[in-house]
Amino acid sequence: MANKSKFQAIRGTRDLLPPETALWNHVEQTAHAVFATFGFGEIRLPIFETTELFARSIGIETDVVSKEMYTFYDRPSEEQASKIFEMPPKTLTSGGEFIERKEKEAFQRYQSGESTTLRPEATASVCRAYIEHNMQQLSQPVKLYYMGPMFRRERPQKGRYRQFYQIGAEVLGGADTPAIDAEVIEMVMTFFDRLELTGIELDINSIGHNAPDCRPAYVQKLKAALEKVKDQLGADSQRRIETNPLRVLDSKLENEQPIIATLPRIADHLCDECKAHYAAVKRQLELRGVFFKENWRLVRGLDYYMRTTFEVTAQGLGSQNAVCGGGRYDGLVELLGGPPTKGIGFAIGEDRLILSLQEIGKGAAPQGRDVYIAWMGEHAYAAAVRAAKDLRRAGFSVELPPTESKFGKALERADKLRSRYALILGDNEVSEGLWTLKTLADGSQQKFTEPELLEYLRKQKALSS
Ligand code: ATP
Ligand code: MG
């Protein structure tokens with residue numbers, strides 16, 4: 001149990017500790033390795049951006065933007081401040097005028113676009129970077145991935161935090177060939193497969209595109225159908241009939257399920273091009289041996305999302321069971337002021353991925369030591385320091401106790417630290433030039449000269465890996 005000390009991590013944030021961090025590292029290293037095999041390069045992005053970037057890209061009517069963002073007004077530079085107030089900035093906070101000026105200041109900062117937000121996701125930042133660095137001049141498409149913390153002010157619960165971590169990738173530019181959609185999905189599933197995450201399900205859908213004969217026509221039909229069953233729906237869904245009818249399909253409310261099952265489905269209303277694109281994505285997935293389930297209710301509520309959407313759900317996570325969400329967003333770069341650019345990507349919830357891995361018994365074991373050096377005596381200490389250096393250089397994890405202790409005590413400690421071997425070094429051993437290596441699992445002992453010892457350990461390591 002955590003100790004209720006004076007300072008505690010802020011609600012919805014948490015410390016990640018060993019040995020769990022070893023699993024986080026393993027997951028991240030696997031992402032680096034797998035994504036590299038698909039030709040993706042890593043992009044490292046700032047953790048905060050101007051508020052407007054997210055407001056525009058995610059949409060101001062979404063929960064993320066309207067309720068969940070951590071937004072603050074950054075301090076204006078002295079020059080900006082003096083322009084705003086037409087007086088030296090230092091007098092701003094002095095005396096009785098403070099309150100009034102502070103309000104004015106906040107308003108002006110807002111107007112001068114200095115509102116800043118901790119990123120709730122990273123797709124917008126990747127698109128911003130694509131535009132800012134003229135990446136459309138590179139060979140297309142540009143394939144990028146990222147990992148790191150995101151921030152949303154949600155109600156904390158299992159699998160839902162206010163600071164959480166995502167691993168994501170985006171393909172920007174080039175064509176909207178179905179093979180790209182399929183390859184991105186294949187990459188996600190390869191990553192999960194490499195982590196031996198079992199019991200997952202991939203759902204896919206196509207949500208058409210924003211042309212009169214495609215999604216908008218469907219949304220009209222959907223809206224009309226929803227109006228007819230309005231009184232059987234909850235308050236949230238009723239509101240969404242007006243603001244964003246597609247989002248009603250997202251509903252997890254038990255009593256709305258039978259009603260939603262009767263609603264018109266987008267697959268029956270796609271235009272010919274979108275229909276062909278979707279069919280090709282499915283064929284391409286089959287070609288790649290990727291198993292999927294079609295889920296007509298998988299939608300994204302924003303106009304620039306189009307065609308392919310997908311989601312991966314995992315076991316052992318309760319209702320927070322989505323570990324990856326993705327889709328095609330061909331209009332986004334343009335919306336942010338760039339050239340018309342195709343785009344598709346996904347974001348994996350790393351916290352949930354880790355929870356699911358632990359749930360199926362793939363958690364990290366506490367880290368042991370290869371060698372614990374039990375030393376006694378001044379000469380022995382000098383040899384122990386040297387041995388530790390040599391062994392560590394050869395890649396062994398070594399515990400070198402900073403103070404001398406009796407061999408019995410030292411061996412107890414070696415055991416506690418889950419050491420594989422104890423190297424016993426007394427002044428006798430050192431003057432004889434023969435060192436004793438004890439295998440802790442069976443208590444057997446062997447004597448070696450210093451060079452023999454390293455050779456022996458190397459061989460053992462090679463055998464066991
Ligand atoms: P959910 O419906 O679970 O809220 P979402 O639609 O908000 O998910 P996305 O914005 O698509 O999620 O983000 C992709 C992934 O990031 C999710 O599938 C999930 O695994 C993870 N994720 C999103 N919000 C959180 C959070 N607050 N805490 C932990 N993981 C999260
Ligand atoms: Mg959410």
Side-chain angles (χ1 to χ4, degrees), residues 9-14 16 20 24 27-28 31 53-55 57-59 61-70 117-127 145-170 184-185 188-189 191-192 195 197 200-205 207 236 240 244 246-253 295 297-302 304-305 308-329 332 343-359:
I10 286 174
R11 189 167 140 80
T13 73
R14 60 206 179 118
L16 304 171
E20 196 184 297
W24 285 75
V27 163
E28 288 161 19
L53 176 70
F54 303 117
S57 61
I58 304 170
E61 77 286 6
T62 58
D63 284 355
V64 170
V65 171
S66 64
K67 300 187 205 147
E68 298 172 358
M69 294 207 305
Y70 284 96
T117 293
L118 299 185
R119 62 181 188 189
E121 53 112 67
T123 301
S125 303
V126 176
C127 292
Y145 74 93
Y146 61 84
M147 50 184 78
M150 308 292 157
F151 306 85
R152 295 183 196 177
R153 202 172 187 294
E154 302 199 71
R155 194 169 71 76
Q157 53 199 291
K158 184 182 175 190
R160 195 177 289 289
Y161 311 98
R162 291 180 170 181
Q163 173 172 339
F164 62 101
Y165 296 79
Q166 285 185 339
I167 300 175
E170 319 287 349
V184 164
I185 296 172
V188 173
M189 299 314 279
F191 170 61
F192 287 146
L195 290 171
L197 180 68
I200 51 175
E201 180 183 303
L202 164 68
D203 284 19
I204 64 163
N205 191 22
I207 54 168
D236 277 345
R240 286 182 180 138
N244 199 339
L246 280 176
R247 287 279 315 276
V248 177
L249 305 182
D250 260 350
S251 161
K252 307 247 156 44
L253 287 183
N295 177 356
R297 288 175 53 176
L298 200 61
V299 292
R300 303 250 145 184
L302 298 172
Y304 59 79
Y305 274 108
T308 311
T309 58
F310 59 98
E311 182 174 272
V312 181
T313 49
Q315 289 178 334
L317 297 175
S319 55
Q320 266 65 250
N321 66 348
V323 288
C324 173
R328 176 167 282 289
Y329 50 83
L332 181 54
I344 180 167
F346 63 82
I348 292 165
E350 193 176 0
D351 309 71
R352 292 184 195 175
L353 169 56
I354 299 271
L355 277 171
S356 189
L357 285 169
Q358 289 168 333
E359 208 72 48

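Heavy-atom basis, side chains included; hydrogens, waters and symmetry copies ignored. Start at 1 and go down the list; that is how both ligands and their atoms are numbered.
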In terms of residue, atom name and distance, what is the protein heavy atom nearest to [atom]?
atom	result
atom 29 (C) of ligand 1	G159 O, 3.3 Å
atom 12 (O) of ligand 1	R152 NH1, 4.0 Å
atom 1 (P) of ligand 1	R160 NH2, 3.7 Å
atom 22 (N) of ligand 1	F164 CE1, 3.6 Å

Regarding E170 and T123, is there a side-chain donor-to-acceptor distance under 3.5 Å anywhere?
yes

In terms of heavy-atom contacts, G159 and Q320 come closest through O-CG, 3.8 Å

Might you point out which heavy atoms bring R119 and P149 nearest each other, and give the distance in Å?
NE-O, 2.8 Å

Which of these, Q166, E154, E311, Q163, has its nearest heavy atom closest to atom 14 (C) of ligand 1?
Q166

Given G326, S356, A322, identify the one with the heavy atom nearest to atom 17 (C) of ligand 1.
A322

My understanding is that only residues two or more places apart in sequence, or in another chain, count here; which of them pass side-chain contact (heavy atoms from CB on, under 4.5 Å) with R153?
Y70, R162

Roughly how far, to the nearest 0.5 Å, is the CZ atom of R240 from the CG atom of D250?
7.0 Å

Find all atoms of ligand 1 within a distance of less than 4.0 Å from any non-hydrogen atom belonging to G349, and give their numbers and elements.
15 (C), 16 (O), 20 (O), 21 (C)

For V323, the ligand 1 atoms whose distance to one of its heavy atoms is below 4.0 Å:
18 (O), 20 (O)

Please determine if E359 and K158 form a salt bridge, counting it only when a charged side-chain N lies under 4.0 Å from a carboxylate O.
yes

Any ion pair linking D351 and R14 (charged N to carboxylate O, less than 4.0 Å)?
yes

Just to confirm, does any protein heavy atom lie below 4.0 Å from atom 4 (O) of ligand 1?
yes

Atom 8 (O) of ligand 1 protein-contacted, heavy-atom criterion under 4.0 angstrom
no

Hey, does D351 come in under 3.5 Å of ligand 1, counting only N/O atoms on both sides?
no

